[in-house]
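Data first, discussion second: the structure below is written as C-alpha cells.
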Amino acid sequence: MTVPRFVEAKRQGRKLSILTAYDFLWAGLLDAAGVDALLVGDSLGMVVQGKRTTLPVTLDEMIYHAEMVVRAVKRALVIVDLPYMTFQISPGQAVENAGSIIKRTGATAVKLEGGVNQAATIAALSAADIPVMAHVGLKPQSVLKLGGYKIQRDAERLLADARAAQEAGAFAIVLECIPRGIAKTITAELAIPTIGIGAGPDCDGQVLVTQDMLGLTGNWSPKFVKAFANLAEQSRRAVERYIAEIESGEFPGNEHSHA
Ligand code: KIV
C-alpha cells in the first residue's frame with residue numbers, strides 16, 4: 001500500500017480499513033489479515049501503558065512502538081501519531097519530529113490532531129514531502145480544553161477544519177465522534193479519503209482500536225465500538241484451564257515432555 005493507492009481507493013469507491021497496532025506480533029497478524037493501513041496511535045498511552053489520557057505519550061515511545069510495527073508489516077501503510085506537544089509549538093518543530101519518526105522507524109506517514117489551527121503545520125510537513133493525515137472532530141489531545149471525550153457537533157467548524165486540512169496538503173483525514181450526517185457532507189465534499197471513528201457509515205473508511213474491536217479492553221466501550229470477538233473472555237478461560245491442568249498434573253503430558 002502506498003499513499004497514492006490509499007487516496008485512489010476513494011475514487012474507486014473502495015472502502016478503506018485501518019486498525020491500530022503497537023507491536024510486532026499484532027502488526028504481523030493484522031497485516032496478514034489484509035487491512036489497508038496500521039495506525040500506531042498515541043492511544044497506546046491508554047491501551048498499552050494504562051494511562052488516563054494520551055497526553056503523557058512521548059516521541060521516543062511512539063518511535064519505539066512504530067519501529068516494531070514497521071518490522072512486521074509486509075503490505076499495509078504504516079501511519080504514526082505525532083504525540084502531544086511534538087507539533088503544536090511550531091511547523092518547524094513538527095517537521096523535525098515527523099522527520100525523526102520517518103527516519104528512525106521506516107513508517108510512511110504521520111497523523112496529527114488539528115484542522116484550521118494546524119493548517120500551517122500540515123502545509124510544512126507536506127512541503128517537506130512527509131505524508132500527513134489530519135484528525136478532526138473529537139481530538140483526544142484536546143481533552144483538557146474540551147473537559148472530556150464528547151461528540152463534536154459544530155458542523156460549520158468541522159467542515160472548515162476538514163477543508164483546511166485538505167487545502168494544506170493532508171492525504172486523508174480522520175473524523176472522530178461526529179454526527180453521521182456531518183461526516184457524510186464532509187466525505188462528499190473532500191477529494192481525500194475520510195476515515196471515521198464514531199462518524200457513521202458514509203466515510204471512505206473506518207478505524208478502530210484493535211484491542212476494542214477484539215473485545216480485549218474492559219467492560220465499557222464507546223457506542224461506536226463493535227466487538228467482533230470476545231478475546232478477553234477467551235483468554236481468561238484459557239489461562240484458567242492452564243492453571244487447572246498444572247494443578248491436576250494433566251499439563252505437561254508426555255507429548256510436551258522430552259524423553
Ligand atoms: O490514537 C489513536 O489510536 C487514534 C485513532 C483512534 C483514530 O487517533
Side-chain angles (χ1 to χ4, degrees), residues 6 15-23 26-27 30 35-59 61-66 68-69 76-88 97-98 101 105 107 109-115 118 122 131-143 146 149-152 158 161-162 165 170-178 183 186-187 192-200 203-214 216-218 220-228:
F6 189 88
K15 295 269 187 180
L16 291 156
S17 54
I18 307 186
L19 284 170
T20 60
Y22 314 116
D23 65 30
W26 280 104
L30 303 172
V35 287
D36 292 299
L38 291 176
L39 171 66
V40 186
D42 60 355
S43 51
L44 69 84
M46 297 161 96
V47 179
V48 178
Q49 299 174 331
K51 293 183 174 154
R52 287 172 60 85
T53 72
T54 59
L55 303 186
V57 176
T58 67
L59 184 69
E61 287 166 348
M62 293 306 298
I63 288 172
Y64 172 77
H65 286 276
M68 292 187 256
V69 168
L77 198 69
V78 179
I79 304 159
V80 183
D81 256 336
L82 280 167
Y84 183 61
M85 281 305 144
T86 64
F87 66 93
Q88 285 94 341
N97 288 330
I101 288 176
T105 70
V110 297
K111 174 167 84 61
L112 62 74
E113 295 182 12
Q118 293 301 335
I122 294 169
V132 55
M133 176 182 259
H135 181 152
V136 310
L138 172 58
K139 294 173 285 178
Q141 291 178 18
S142 305
V143 63
L146 295 171
Y149 299 104
K150 299 173 184 166
I151 300 170
Q152 302 299 300
L158 290 165
D161 277 336
F171 75 91
I173 181 165
V174 168
L175 305 177
E176 178 161 355
C177 271
I178 67 172
I186 293 173
T187 301
I192 59 172
T194 59
I195 308 298
I197 174 162
C203 298
D204 298 306
Q206 300 291 327
V207 59
L208 282 177
V209 169
T210 298
Q211 286 74 1
D212 288 344
M213 62 78 74
L214 292 177
L216 274 165
T217 40
W220 181 87
S221 58
K223 179 179 164 74
F224 60 79
V225 171
K226 176 171 176 179
F228 288 80

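Atoms within each ligand, like the ligands themselves, are counted from 1 in listed order.
For the pair K111 (side chain) and V40 (backbone), a donor-acceptor distance under 3.5 Å is absent. Within the 3.5 Å criterion, the main-chain N or O of D204 finds a donor-acceptor partner in the side chain of T194.
Of the candidates D42, T54, T53, D42 is the only one forming a side chain to side chain donor-acceptor pair (under 3.5 Å) with Q141.
Within 6.0 Å of CG on L55 lie more than 12 heavy atoms contributed by other residues, nucleotides or ligands. Within a 6.0 Å radius of OH in Y64, no more than 12 heavy atoms belonging to other residues, nucleotides or ligands are found. Annotation for K51: atom NZ counts as buried by contact number, over 12 foreign heavy atoms lying within 6.0 Å.
Contact annotation: for L208 versus ligand 1, there are no heavy atoms closer than 4.0 Å.
Nearest protein neighbour of atom 5 (C) of ligand 1, counting heavy atoms only, is L39 CD2, 3.6 Å. The nearest protein atom to atom 6 (C) of ligand 1, hydrogens excluded, is given as I197 CD1, 3.6 Å; this is a heavy-atom distance.
In terms of polar-atom proximity, defined here as any N/O pair under 3.5 Å, S43 does make such a contact with ligand 1. Checking only distances, T20 never comes within under 3.5 Å of ligand 1, N or O to N or O.
At least one heavy atom of K111 sits closer than 4.0 Å to an atom of ligand 1.
Counting the atoms of ligand 1 from 1 in the order shown, those under 4.0 Å from a heavy atom of G41 are 1 (O), 2 (C), 3 (O).
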